[in-house]
Amino acid sequence: MQVTEDKIPLSRQRLPRYLQGDDVVTAAQKLLGQYLVTEFNGKITAGRIVETEAYRAPEDKASHAYNYRRTARTEVMFGPSGNAYVYLCYGIHHLFNIICGPPGTPHAVLIRAIEPTHGLKTMMDRRKMTKLKPQLTAGPGVLSRALGITKELSGVPLFNKESMIWIGKGERTSFQIHSSPRVGIDYAGEWVDKPWRFRIKGNPYTSPAK
DNA sequence: ACGAAGATTGGCT
DNA sequence: GCCAATCTTCGTC
């Protein structure tokens, strides 16, 4: 598998308007094709976002912030849009979200998969992999591990000049978006069926279908 | 080669 | 007690 590095711009950007409005479903689609980038100890790792899910609290039962539920964990979702929300799943996996919506509205977009583009060797070291395979970053838990993202980063701004993590502007390329129901939320009643999972059609780095 | 099944931990109600 | 993603192991083709 060949991946071309370095040609792709990873430049930081200012907080886009679509993250501040109340349409988190559109925001989840607009984030496809952009780059999720981290830099720790001078090591840059990045990948193109190829799969997302929208979470629309307070109405959305599948969200941790359903019905404005505030806990130590969810508190950052009530903070500024454009910040990170990172939580622990199964006590092991750190799942990365981008906070969206008008002030006080706890919308979020979960990043479910990226296509690795920069720092492949560093990512494979972190994942203890010797051969490049899609499972390097195809899945919300493994992508965080590859990029070095942990819940310590929950609440940090993604659109300022200094963060160790940011959203790099993607080049304008055309692709088809495939939408389907979200996964792992069987308890969420009527919200189970909303087609709020978005993926770049045909991309091999999207997480396994269910 | 591929799929199903089982084991695993922390945050919440 | 309920919720969740991934790795490993063990079938079957």
Side-chain angles (χ1 to χ4, degrees), chain A residues 1 24 28 31-32 36 38 45 47-79 83-100 105-116 120 122-156 165 178-200 202-210:
Chain A
M1 218 174 291
V24 66
L31 285 165
L32 292 174
L36 177 55
T38 62
T45 51
R48 183 171 173 247
I49 297 171
V50 296
E51 181 174 341
T52 61
E53 278 178 1
Y55 285 88
R56 192 181 166 76
E59 316 94 90
D60 184 359
K61 244 185 176 166
S63 169
H64 292 160
Y66 168 61
N67 200 21
Y68 293 112
R69 184 166 62 220
R70 283 178 107 117
T71 66
R73 183 174 66 160
T74 63
E75 189 58 35
V76 303
M77 280 208 265
F78 297 87
N83 285 6
Y85 170 51
V86 187
Y87 67 89
L88 207 52
C89 173
Y90 277 90
I92 318 172
H93 308 297
H94 300 256
L95 305 211
F96 173 79
N97 301 255
I98 300 170
I99 296 161
C100 304
T105 309
H107 295 176
V109 173
L110 170 66
I111 308 302
R112 289 199 63 92
I114 63 171
E115 174 180 341
L120 290 245
T122 302
M123 287 196 266
M124 287 168 62
D125 286 348
R126 289 179 182 148
R127 294 273 291 117
K128 298 189 175 34
M129 286 174 61
T130 50
K131 275 176 56 186
L132 180 56
K133 285 176 285 193
Q135 76 209 44
L136 177 66
T137 54
V142 292
L143 110 226
S144 291
R145 171 147 299 235
L147 292 173
I149 296 171
T150 68
K151 65 181 180 140
E152 310 306 311
L153 291 172
S154 199
V156 312
I165 176 168
H178 182 258
S179 58
S180 56
R182 297 171 294 177
V183 292
I185 54 157
D186 292 346
Y187 56 91
E190 59 179 302
W191 300 90
V192 168
D193 300 321
K194 303 275 182 198
W196 288 354
R197 181 194 203 190
F198 302 103
R199 39 216 308 185
I200 292 183
N203 190 287
Y205 285 91
T206 51
S207 63
K210 288 230 171 86

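The figures that follow rest on heavy atoms only: side chains count, while hydrogens, waters and symmetry mates do not. So you know, we letter chains A, B, ... as the sequences are listed, proteins then strands, and number each from 1.
- Using a distance-only test at 3.5 Å, with no hydrogens or angles considered, a donor-acceptor pair links the side chain of A:T38 to the main chain of A:L147.
- Sorted by first and then second residue, the pairs that involve residues 122-131 of chain A and meet salt bridge (charged side-chain N to carboxylate O under 4.0 Å, His left out), not counting sequence neighbours, are A:K121-A:D125.
- Shortest non-hydrogen contact noted between A:I114 and A:I49 is CG2-CA, 4.1 Å.
- The closest donor-acceptor contact from the side chain of A:E53 to the backbone of A:V183 lies under 3.5 Å.
- Note: NZ (A:K133) to P (B:dC2) measures 13 Å, nearest angstrom.
- Across all their heavy atoms, A:R199 and A:R197 have their closest contact at NH1-NH1, 3.1 Å.
- A donor-acceptor pair under 3.5 Å links the side-chain atoms of A:S144 to the main chain of A:H94, judged by distance alone.
- Nearest heavy atom pair, residue A:T137 against residue A:A146, reads CG2-CB, 3.8 Å.
- For the C1' atoms, the distance linking B:dT13 with C:dA5 amounts to 22 Å, nearest Å.
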Using a cut-off of under 3.5 Å, enumerate the N/O to N/O pairs linking the protein to nucleotides 5-9 of chain B.
unit_1 : atom_1 : unit_2 : atom_2 : d
B:dT9  : O4'    : A:Y90  : O      : 3.0
B:dT9  : O2     : A:Y90  : O      : 3.2
B:dT9  : O2     : A:G91  : N      : 3.3

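- For the pair A:R112 CZ and C:dA5 C1', the interatomic distance rounds to 8 Å; values are reported in whole Å.
- Judged by distance alone, with hydrogens and angles left aside, the side-chain atoms of A:S154 form a donor-acceptor pair with the main-chain N or O of A:V86 at under 3.5 Å.
- Contact record, A:L110 with A:P140: CD1-CB, 4.5 Å, taken as the closest heavy-atom pair.
- Of all heavy-atom pairs between A:V24 and A:A54, the closest is O-CB, 3.7 Å.
- A heavy atom closer than 4.0 Å to some atom of DNA chain B occurs in no member of residues 53-63 of chain A.
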Tabulate atom names and distances for all N/O pairs under 3.5 angstrom spanning the protein and nucleotides 7-11 of chain C.
unit_1 : atom_1 : unit_2 : atom_2 : d
C:dC7  : OP1    : A:R127 : NH1    : 2.7
C:dC7  : OP1    : A:R127 : NH2    : 2.9

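- Rounded to an integer number of Å, the gap from NE2 of A:H94 to C1' of C:dT6 is 13 Å.
- Looking only at distances, no side-chain donor or acceptor of A:H178 sits under 3.5 Å from a matching main-chain atom of A:I200.
- Applying the side-chain hydrogen bond (donor to acceptor under 3.5 Å, both in side chains) test to every pair with at least one member in residues 59-68 of chain A, sequence neighbours left out, gives these pairs: A:R56-A:E59, A:D60-A:R182, A:H64-A:Y85.
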N/O to N/O distances under 3.5 Å, protein versus nucleotides 11-13 of chain B:
unit_1 : atom_1 : unit_2 : atom_2 : d
B:dG11 : OP1    : A:K151 : NZ     : 3.3
B:dG11 : O3'    : A:R73  : NE     : 3.3
B:dC12 : OP1    : A:T71  : OG1    : 2.6
B:dC12 : OP1    : A:R73  : NE     : 3.1
B:dT13 : OP1    : A:R69  : NE     : 3.4

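- Considering all non-hydrogen atoms of both residues, A:P134 and A:Y205 come closest at CA-CE2, 3.5 Å.
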